[in-house]
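A quick write-up on the structure given underneath.
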Number of protein chains: 2
Amino acid sequence: MSEPAAPSAIGFHPLYRQVKHRLVERMVSRAWPPGHLLPSEVELAGELGVSQGTVRKALDELASERLLTRRQGRGTFVAEHDDARILFQFFKLTADNGKRVFPESRVISAALGVASASERQAFGIPEKARVVRIRRARLLSGRALIVERIAVPHAVFPGIEKDDLPNNIYSLYAARFGVTIARAQEKLKAVALSPPDAKLLGVSAGTPALLIDRLAIALDGRPVERRLSLCLTDNFHYLSDLT
Amino acid sequence: MSEPAAPSAIGFHPLYRQVKHRLVERMVSRAWPPGHLLPSEVELAGELGVSQGTVRKALDELASERLLTRRQGRGTFVAEHDDARILFQFFKLTADNGKRVFPESRVISAALGVASASERQAFGIPEKARVVRIRRARLLSGRALIVERIAVPHAVFPGIEKDDLPNNIYSLYAARFGVTIARAQEKLKAVALSPPDAKLLGVSAGTPALLIDRLAIALDGRPVERRLSLCLTDNFHYLSDLT
DNA sequence: TAGTGGTCTAGACCACTTC
DNA sequence: AAGTGGTCTAGACCACTAT
């Protein structure tokens, strides 16, 4: 490793943060794709020229950020976007009886367009840049309860508008475009459904719905997906843990 | 410390977990009240008969759970329910421009009553047990945007119905009743406002509102507060980080 | 200057998985 | 039996705060 982080005027960067950064770099570059088994702590320590304890601190933090999963006796793996992770990290809608189920999807449309002002701002892309817009309905226990509008930069996901979209779209981002979603931020409001949205969900216009405005951030820190979801919450709720 | 956690059939309890448990015990018993400065790592290690590294691991975990705050050069302190902590941990409503402000409160009523079935279930209290119910309106930038219904077990907060309720009610729980709120779970729905609630908020009946159903858990693990909040979300949103 | 938490190291042993 | 992560120890030095 480089010098022990000289206490320069610029700030202090502990060794384990530099180690973290190097490990994330390998994940971003796909040298270590999702599911990959990392070298052991001892090997990494030797390779990076730091102690095993320092490597451990970096690995533990990455595991707490859900970028790695560690299993005693087996090793450390790059996290995957399997349904279980999506369900726990990204899908907070829960049946009132406590059951959490992954929703089915029915794509309504997928098309290229020119980024709106808010999309340009969200993604930090230039004027006239293109985005792909996907609209789908989502079904929980067989009933359409969510209508979703997804927007992604065309430059990041070229051609996705022509793909078959799987139920779990983040696994497609990873497998076909090499983009791993690391985290997201959601803003929630209560709104009245517009007539077309109400029709899609089979309720009357003006019915209250939960509006979820999500911005998803990739491993490298870029915002790469904006998603507006309108949810009926008669028998479901959004679960938020304040810890 | 006791034996090094014999690998009995019953399971494995690492030393640092036992240390954590002992530290929390002292906070629950108010031997270490909010704001208290803990002994240094070295002192705790000596007192508990473990190494400094083990104490450190316990303290770090408690700090990540927001039960302690650590400050380099100063020491480790028991967390307090100051407005800043409430704002970051428990109050997720944010202005659309990103500003977070602590809301003012106006108490509407506070009265003793008999626990309903759902309250008995939430608190695990027996039939005919009493609860205190508080109703208040909350103002953001001068406008009434939230109507709140709080229910707490009378046995945990005896006489609270006769108190002056401060803006930050969790600081009252701590100061007058020795109860520290450690974490909470919130369930969100979109609902239509009833005529009386709409009148309180100065909008028409049927207006969509965000319903937040919160169950707050004390340091010792007991659920001690249930709170239903109805929020207007025209210029505010509920912020949720998916990390 | 003294005391605190923050970082880093080196080494030991334990628990779990796989072969 | 071998290899992994999980726990625990002991000791060093650094960065920050208060006096």
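Throughout, a chain's letter reflects where its sequence line sits, starting with A, and its residues are numbered from 1. Just the heavy atoms: all of them, side chains too, but no hydrogens, waters or symmetry mates, feed the values below.
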Check: Hey, are Arg22(B) and Glu47(B) close enough for a salt bridge, meaning a charged N less than 4.0 Å from a carboxylate O?
Finding: no
Please determine whether a side-chain nitrogen or oxygen atom of [X] lies at a distance below 4.0 Å from atom OP1 or OP2 of [N].
| X | N | value |
| --- | --- | --- |
| Thr54(A) | dT9(C) | yes |
| Arg74(A) | dC16(C) | no |
| Thr76(A) | dG5(D) | yes |

Nearest-angstrom distance from the residue atom [atom1] of [X] to [atom2] of [N]:
| X | N | atom1 | atom2 | result |
| --- | --- | --- | --- | --- |
| Leu38(B) | dG3(C) | CG | C1' | 16 Å |
| Leu68(B) | dG5(C) | CG | P | 11 Å |
| Arg70(A) | dC16(C) | CZ | P | 16 Å |
| Arg56(A) | dC8(C) | CZ | P | 15 Å |
| Tyr16(B) | dT9(D) | OH | P | 13 Å |
| Glu41(A) | dA15(C) | CD | C1' | 14 Å |
| Arg71(A) | dG5(D) | CZ | P | 12 Å |
| Gln18(B) | dG6(D) | CD | P | 19 Å |

Is a donor from one side chain sitting under 3.5 angstrom from an acceptor on the other, for Thr180(A) and Arg30(A)? yes
Q) Does one side chain, of Arg226(A) or Ser118(A), offer a donor that lies under 3.5 Å from an acceptor on the other? A) yes
Taking for Gln72(A) and for Lys57(A) the nucleotide of DNA chain C with the nearest heavy atom, the one nearer the 5' end belongs to Lys57(A)
Closest to the side chain of Asp60(B), out of dT4(D), dT9(D), dG6(C), is dG6(C)
The nucleotide from dT9(C), dT7(C), dT9(D) with an atom nearest the side chain of Pro14(A) is dT7(C)
Quiz item: Can you check whether Lys92(A) reaches Ile212(A) side chain to side chain, under 4.5 Å on heavy atoms?
Solution: no
Tell me whether the guanidinium CZ or amine NZ of Arg100(B) lies under 6.0 angstrom from the six-membered ring centre of Phe91(B) and within 45° of its axis.
no
